[in-house]
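Hydrogens, waters and symmetry mates play no part in the numbers below; they use all other heavy atoms, side chains included. So you know, we letter chains A, B, ... as the sequences are listed, proteins then strands, and number each from 1. No experiment lies behind these values; they were computed from the predicted model shown.
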Protein chains: 2
Amino acid sequence: MSLSREQVLGHALAILDQYGFADLSMRRLATSLGVQPGALYWHFANKQTLLTAVAEAILSPRPPVCVPTGSAGTGSAPTAWEPAVRTWACGLREALLSHRDGAEVVASVLAVRPATLDPAGEIAAVLMAHAMAAAQARAAGMALLHFVIGHTVDEQGNAAMAEFGVAQAVDTEAQERFAAGLDLFVAGLGVRLSGGGG
Amino acid sequence: MSLSREQVLGHALAILDQYGFADLSMRRLATSLGVQPGALYWHFANKQTLLTAVAEAILSPRPPVCVPTGSAGTGSAPTAWEPAVRTWACGLREALLSHRDGAEVVASVLAVRPATLDPAGEIAAVLMAHAMAAAQARAAGMALLHFVIGHTVDEQGNAAMAEFGVAQAVDTEAQERFAAGLDLFVAGLGVRLSGGGG
DNA sequence: ACCTGAACACCGTTCAAGT
DNA sequence: ACCTGAACACCGTTCAAGT
């Protein structure tokens with residue numbers, strides 16, 4: 001039986017989890033599939049395309065954000081923005097943490113702006129539904145995205161060092177830093193959204 | 001005359017500015033210096049060390065942040081935290097923008113936690129001087145750092161695409177997104193610092 | 001002290017040719 | 001349709017040997 005896209009993707013995730021992003025090469029992936037390097041280029045145009053699929057696989061287990069459906073004039077919206085923002089940020093971080101170097105992979109993929117992947121747009125939609133201007137919501141969404149990804153790259157980098165017996169108090173410190181950073185965003189959003197509503 | 005560290009560093013910055021981060025290889029750098037690849041390893045232990053020096057060169061032109069010197073009990077501090085935060089963030093972004101792919105280089109170097117480079121610590125010191133708890137100040141400093149670097153990586157990625165004639169309205173949009181994101185941080189910090197002042 | 005020469009163990013990608 | 005074989009143009013790093 002011939003190779004499938006899903007098989008290649010599965011082995012890519014396996015190499016990522018076992019050996020890390022630096023060891024996820026096309027040649028190593030081919031070896032793990034018992035195939036010549038060139039064979040991979042039948043299923044994926046290039047490494048970038050493969051990595052985009054890997055990033056999508058990392059992010060796709062997240063639940064969709066709950067965008068309020070109420071119209072703008074009916075007073076306070078049916079779903080609160082604050083838990084939505086917190087759930088989105090925590091869910092994103094957990095998805096990134098669920099694979100070794102997940103944050104680094106997703107960061108490298110988002111850097112090339114794939115049309116299929118726009119996590120910032122998800123949370124920007126929520127903010128717009130709460131009467132925030134489109135440009136402001138987009139800016140807030142991207143700032144939140146940069147924070148979550150930057151933080152998690154950091155966190156996973158620390159985890160990689162912890163294998164060499166540095167410490168694991170680093171883990172709880174990272175978690176607290178994430179919570180504090182998220183609180184800062186929520187506080188800032190609160191000034192705009194709770195204060196002058198609409 | 002023999003090669004000096006400064007010469008190597010200077011040529012590395014020149015390659016970065018002309019050809020970008022992806023083309024900054026040890027072999028290309030050696031060729032540009034008229035020397036064999038192995039010669040570089042007399043002056044720098046490895047590529048990581050060289051890149052750290054490049055990142056330091058990118059960040060060092062920034063002015064030091066102005067940490068207030070007043071003691072904690074004398075009421076409001078002599079220097080305001082808000083302009084300090086804004087100046088630090090804008091100065092960081094400008095330093096990153098001053099070299100092609102500067103944000104990407106600095107991001108890759110900060111990922112390995114060099115002891116000599118801690119931009120988040122600079123602004124955390126300011127917040128602590130304004131009676132913010134150490135852990136909170138550290139978290140805020142890192143969140144700000146992740147935002148500025150993430151944003152600028154994005155901005156420079158767009159600039160690279162703009163060479164292929166996409167648009168340059170992207171430039172002003174990026175600038176406005178940066179301003180809006182920074183405003184969000186300042187608003188969040190204001191809830192903590194202006195409200196219950198130390 | 002500082003560099004060359006030459007190797008080692010890798011990369012991503014292409015493409016004629018096979019089946 | 002799908003893969004092999006083999007090449008092309010690269011990487012970072014090491015290290016004996018030269019000067």
Looking only at side-chain N and O atoms, does B:Trp42 come under 4.0 Å of OP1 or OP2 in C:dC2? yes

A:Leu40 CG to C:dG12 P, in whole Å, measures 10 Å

Find the distance B:Phe44:CZ to D:dT13:P and express it as a whole number of Å. 13 Å

Steps toward side-chain hydrogen bond (donor to acceptor under 3.5 Å, both in side chains) verdict (B:Glu155, B:His151): CA-CA 6 Å; B:Glu155 191 171 354; B:His151 166 89; 2.9 Å; yes

Using the rule that Ile, Leu, Val, Met, Phe, Trp and Tyr join whenever any side-chain heavy atoms are under 4.5 Å apart, tell me whether A:Leu189 and A:Phe147 fall into a single cluster. yes

Taking 4.0 angstrom as the limit, do B:Arg62 and B:Glu94 come out as a salt bridge? no

Would you mind reading off the distance between B:Lys47 atom NZ and D:dG12 atom C1', rounded to a whole angstrom? 8 Å

Dot-bracket notation for DNA chain C is requested: 5' to 3', Watson-Crick or G-U wobble pairs only, both distances under 3.5 Å, with ( ), [ ], | and . as defined. ||.|||||...|||||.||

For A:Tyr19 and A:Leu24, run side-chain contact (heavy atoms from CB on, under 4.5 Å): C-alpha distance rounded to whole Å, both residues' side-chain angles, the deciding distance at 0.1 Å, then the answer. CA-CA 8 Å; A:Tyr19 307 101; A:Leu24 179 49; over 6 Å; no

When you compare D:dA9 with C:dA9, how far apart are their P atoms, in angstrom units rounded to a whole number? 23 Å

Is A:His43 close enough to D:dC3 that one of its side-chain N or O atoms is under 4.0 Å from OP1 or OP2 there? yes

Both A:Gly38 and B:Gln48 contact DNA chain D. Which one's nearest nucleotide lies toward the 5' end? A:Gly38

May I ask you to decide whether A:Arg113 forms a salt bridge with A:Asp118, counting only side-chain N to carboxylate O separations under 4.0 Å? no

How far apart are the closest heavy atoms of A:Arg5 and A:Ala53, and which atoms are they? NH2-CB, 4.4 Å

Between atom OH in B:Tyr41 and atom P in C:dA6, what is the gap in whole Å? 19 Å

Under 4.5 Å between side-chain heavy atoms, counting indirect links through other Ile/Leu/Val/Met/Phe/Trp/Tyr residues: same cluster for A:Val106 and A:Leu97 or not? no

Do the side chain of A:Asp101 and the main chain of A:Phe21 share a donor and acceptor less than 3.5 angstrom apart? yes

Between B:Arg100 and B:Asp23, does any side-chain N to carboxylate O distance fall below 4.0 Å? no

Ignoring backbone atoms, test whether A:Gln36 places a side-chain nitrogen or oxygen under 4.0 Å from the OP1 or OP2 oxygen of D:dG5. yes

Under 4.0 Å from any atom of DNA chain D, heavy atoms only: list the residues of residues 7-32 of chain A that qualify, in numerical order. A:Arg27

From C-beta outward on B:Pro37, which listed nucleotide comes closest to its side chain: C:dT13, D:dT13, C:dC3? D:dT13

